[in-house]
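Counting starts at 1 for both ligands and their atoms, in listed order.
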Amino acid sequence: MLPGTSSLSRQTGGRKLARVVFDEQTIARRVTELGRDITAAYPDGELLVLGLLKGSFIFLSDLVRRIDRPLQVDFLVAASYGSDTISSGSVRLLYDPETELRGKHILLVEDIVDTGKTINRLVTLMRERDSKSLEICALLHKHVAERLVLEPRFVGFDAPRSFLVGYGLDHAENFRHLPYIASLS
Ligand code: IMP
Ligand code: MG
């Protein structure tokens, strides 16, 4: 039994965790490195960190505390997946940031890049906004996307092809709160 999961399978339609893929310490170390890389990559200009909800909420909150320069935070809400573990292919924007994007460095923060449809759609939308620059920071990258209009400049980990949950990632809205990243059985 994995830590903190004693009653989880009962509450999650019988889906169980298979194994821990990235533990808390490993994630924390990598997030600190990403924060340093991002700090070094933006010597000047206004930086707006745009977290893609809901999956990036834990990663984003840890990451921005490791970036040592002035920045602003806002969110995007896009919906691409239903309750399934397979991409539906359509991506809808449910919330558009209210913060001004024009003239700023925009850093889009994603939990995981799978088919790339989410990124391709969002990058296309964001490119219409006259920002100073546009980059992506993804915690996880499955490297299965056939074509990405913009390759993430910052990547936490190369991910296995299995379905992952925890540290913000969900399966049918469950498991987001786990402090580690695990695969589903
Ligand atoms: P894409 O559009 O296929 O690249 O999928 C991106 C989105 O799908 C992510 O932001 C996640 O919300 C979700 N997703 C893709 N793979 C996984 C996974 O292994 N676990 C949980 N969510 C995933
Ligand atoms: Mg999701």
A.B. asks: Determine which pairs satisfy side-chain hydrogen bond (donor to acceptor under 3.5 Å, both in side chains) with at least one residue from residues 45-64, sequence neighbours left out, and list them in order.
C.D. replies: Lys54-Glu173, Asp62-Arg65, Asp62-Tyr167
A.B. asks: Classify the contact between Lys142 and ligand 1 as side chain, backbone, both or neither, using a heavy-atom distance cut-off of under 4.0 Å.
C.D. replies: side chain
A.B. asks: Any nitrogen or oxygen of Gly116, side chain or backbone, less than 3.5 Å from one on ligand 1?
C.D. replies: yes
A.B. asks: Any ring pair (Phe, Tyr, Trp, His ring centres under 6.0 Å) involving residues 112-153? Give me the pairs, sequence neighbours left out, ordered by first then second residue.
C.D. replies: His141-His143
A.B. asks: What part of Asp114 sits under 4.0 Å from ligand 1 if we count only heavy atoms: the side chain, the backbone, both or neither?
C.D. replies: both
A.B. asks: Near Asp170, which atoms of ligand 1 are under 4.0 Å from a heavy atom of that residue?
C.D. replies: 21 (C)
A.B. asks: Tell me whether Arg129 at atom CZ has more than 12 heavy atoms from other residues, nucleotides or ligands lying less than 6.0 Å away.
C.D. replies: yes
A.B. asks: Name the option, out of Leu140, Leu164, Ile112, Ile181, that contains the heavy atom nearest to atom 11 (C) of ligand 1.
C.D. replies: Ile112
A.B. asks: Group every Ile, Leu, Val, Met, Phe, Trp and Tyr by side-chain heavy-atom contacts under 4.5 Å, then state whether Ile58 and Leu140 land in the same group.
C.D. replies: yes
A.B. asks: Just heavy atoms, cut-off under 4.0 Å: does Thr115 contact ligand 1 by side chain, backbone, both, or neither?
C.D. replies: both
A.B. asks: Nearest heavy-atom pair of Val73 and Val64: which atoms, and what distance?
C.D. replies: CG2-CG1, 4.0 Å
